[in-house]
Number of protein chains: 2
Amino acid sequence: MTYRLPPLSSLRAFEAAARHLSFKDAAAELSVTPTAISHQIRGLEEYLDFPLFKRLTRALELTHEGRAMLPKVREGLECFAAAIESTRQVVFGGRLVVTSPPAFAARWLIRHLPEFNAAHPEIRLRMATSLDTIDTADAAHVSGLSRVDVRDDKTETFIRYGNGHYDGCRVDRLFAPAYTAVCSPLLLKGMRPLNVPSDLRRHNLLHHEVDSELDQPALATWDQWLQVAGVTGITADGGTQISDPGLLLSAAIDGVGVALASKQLIEAEVLAGRLVMPFDIVIRPAQAYYLVVPEAVAERTVVTAFRRWLLKEAAKVREG
Amino acid sequence: MTYRLPPLSSLRAFEAAARHLSFKDAAAELSVTPTAISHQIRGLEEYLDFPLFKRLTRALELTHEGRAMLPKVREGLECFAAAIESTRQVVFGGRLVVTSPPAFAARWLIRHLPEFNAAHPEIRLRMATSLDTIDTADAAHVSGLSRVDVRDDKTETFIRYGNGHYDGCRVDRLFAPAYTAVCSPLLLKGMRPLNVPSDLRRHNLLHHEVDSELDQPALATWDQWLQVAGVTGITADGGTQISDPGLLLSAAIDGVGVALASKQLIEAEVLAGRLVMPFDIVIRPAQAYYLVVPEAVAERTVVTAFRRWLLKEAAKVREG
DNA sequence: CCGACGCGTGAAAAAATCTCACTTATATGA
DNA sequence: TCATATAAGTGAGATTTTTTCACGCGTCGG
């Protein structure tokens, strides 16, 4: 069985044009210019040796022939889509749970997930957050990772903030947060200048309030940043203490003061103009974000697909 | 409904490769090199993010995934083929009868028809021959052309040899035969030389015997050719008289003598080395072959498709 | 052990596809 | 009515995709 067919891309153009009854709209759908569609259709008509559209002013109409051809062409495209979709379902299909630190989930993962969903619509992904994914100060102890039910359809993976040593797991370093000072752009236009780090003297510093009882991780502190910036004489215990990191960032956005935040996690706010980074001084804690996958599920295709995608995304962040 | 699909050509390559279980054979089917298939498949696998084939030494095997994907891909291609075929059936479908002079049918049309069939498999074409398609010497009288039943599914067209004036018909000139001397290549290697036209003295001339009762058309004669060639003193009434033109050519092929034949109609014999044209001297009668279509059917798509194709083929002959 | 065979690779060539700048035709509305 | 905007068409040139070429690898069969 050998198929005698025109360039298949022209059939795709035909289907889109016939559906929209507009070269312009079809072009938009296929992300090309209307001219491209025009050429494709013309080529197809030439190949077939009969016209598919009646070109009226400002409107297209299918010819008798075009109308006759459309359903089967559409069916063909649907077959292709179905072939791929169902096979992806076979290969990758299933559920995947990603548990990560709340800030990472809220400020980074959730913004990038739509892309993953587009690339892998057949993977039903559930995001979960847990403070347990943040290594405690004395580190190395990892709980819960080994208790994965291997038969479970819901494969679970973790993104952890910590030192990268997790027994019985495949570990990939994503990136280390780069903490820098951030504030509302309005603050820069205010009366008090903020040109050099020492100007911070006259500003309200927003601190992450560490609950000592929780044995909190080694978060970046203003003390550390000010030291790197070479600023002395600022009492780090001044300013506002806020326990919730999300609330802290909101405060910075609202112009309440200057916060320390990870460059990578506030990308969206900076792009949107809600936050600015007045100084190019960053501190990097020894800890980083890691993708941690229990060995038992590491070979599952859902996991490898997610891992491959996540590492690619993380690489962009590292470079950018 | 917007389809998210890989380059469709790669699906075609996949189907062919999967069917043959060989890149090489698939390449042959699609008239490309095996490398091209290799690249296409690789690209598709990259797009899909899973392998379609297991590459063994000297043999391919479909992966689980490839096997899962194949049926729907095939179905898609079949849909496309069906879409086009059925629409062509709607547009062009039907029967077409082409009546032409016997020699034209046997020596030219029949060799070119397979191409038309390939281009228009939906048109069932019947070849007919009739001496009536050759204008009689007193010309202008055309019989039978007007008596076409317009409702008839069997649309009839004619190829006529004559002067080109046919009332009530669309007429296109195809080409005028160019008569030249032809003989078997063996004759040239024989003892009697055939380097210049006057050498024909020593050869047997094969004549088309004209049946005077039939009011035969103005065929080219040796008298005319010898005059153009500037040869005198050959008695044209010598040589062998043969009444059937096919038989006459057979005789030439068998080395019986030298015949006068139309360059265009003996192309195949020359290419096959059964005949040679020792001299580049041709005579062109005033008559030519014409495509003659009764007005009543001239607008039918079967006719326009045939006409377009035939004129293109005839143009090649005129140039070549 | 050698040569033929089938597939793979990367760079270069060829072909297709797309875009750009400009045109046409006509409907809209000031 | 006439300028304006819209959708499509054209042909040349740019771009991207596809194909080829030259060569490499592993192995099967004599």
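Labels below follow one simple rule: chain letters A, B, ... track the order of the sequence lines, proteins then strands, and each chain is numbered from 1. Please read all numbers here as calculations on a predicted model, not as lab measurements. Scope of the values below: all heavy atoms of this structure, side chains included, with no hydrogens, waters or symmetry mates.
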Check every atom of C:dT26, D:dT10, C:dT9 against the side chain of A:Arg42 and return the nucleotide holding the closest atom.
D:dT10

When the distance from CG of B:Leu56 to C1' of D:dC25 is rounded to whole Å, what number comes out?
15 Å

Please state how far atom CD in A:Glu45 lies from atom P in D:dA8, giving the value in whole angstrom units.
13 Å

Contact class for A:Ile37 vs. all strands (heavy atom < 4.0 Å): base, sugar-phosphate, or nothing?
nothing

With a 4.0 Å heavy-atom cut-off, tell me which residues in residues 13-34 of chain A come close to DNA chain C, sorted by residue number.
A:Val32, A:Thr33

Given B:Arg173 and B:Tyr290, is the side chain to side chain donor-acceptor pair (under 3.5 Å) satisfied, shown in steps?
CA-CA 4 Å; B:Arg173 183 189 170 94; B:Tyr290 292 90; 3.3 Å; yes

To the nearest Å, give me how far apart OH (B:Tyr47) and P (D:dT17) are.
14 Å

Of the listed nucleotides (D:dT27, C:dC18, C:dT9), which one gets closest to any side-chain atom of A:Gln40?
C:dC18

Residue A:Arg55, side-chain atoms from C-beta onward, closest of D:dC28, C:dG8, D:dG9:
D:dG9

Measure CG/B:Leu60 against P/C:dG8 and give the value in whole Å, please.
7 Å

Check this for me: does any side-chain nitrogen of one of B:Glu269 and B:Arg111 sit under 4.0 Å from a carboxylate oxygen of the other?
yes

Here's a test for you: under side-chain hydrogen bond (donor to acceptor under 3.5 Å, both in side chains), which of A:Glu65, A:Glu61, A:Arg67 qualifies with A:Thr63?
A:Glu65

Respond yes when some side-chain nitrogen or oxygen of A:Ser38 is under 4.0 Å from OP1 or OP2 of D:dT10, and no when none is.
no

Atom-to-atom span, CZ of B:Arg58 to C1' of D:dG30 - whole angstrom:
11 Å

Check B:Glu45 with B:Arg55, please: is the shortest side-chain N to carboxylate O separation under 4.0 Å?
yes

Would the base of D:dT17 count as contacting B:His39 through its side chain, where contact means a donor and an acceptor less than 3.5 Å apart?
no

May I ask you to verify if any side-chain N or O of B:Thr57 is less than 4.0 angstrom from the OP1 or OP2 atom of D:dG26?
no

Nucleotide D:dG9, atom P - distance to CG of A:Leu52 in whole Å:
12 Å

Return the value, rounded to whole Å, for the distance between atom CD1 of B:Ile41 and atom C1' of C:dT9.
16 Å

Whether B:Thr35 contacts C:dC7 is assessed here as follows: a side-chain N or O lying under 4.0 Å from the phosphate OP1 or OP2. Is that the case?
no

Before we go on, tell me: are the rings of A:Phe53 and A:Phe23 under 6.0 Å apart, centre to centre?
yes

Is it the case that the ring center of A:Phe104 lies less than 6.0 angstrom away from the ring center of A:Tyr289?
yes

Taking the ring of B:Phe116 and the ring of B:His120, is the distance between their centroids below 6.0 Å?
yes

Quickly work out the A:Leu44 CG to C:dA16 C1' distance and round it to whole Å.
15 Å

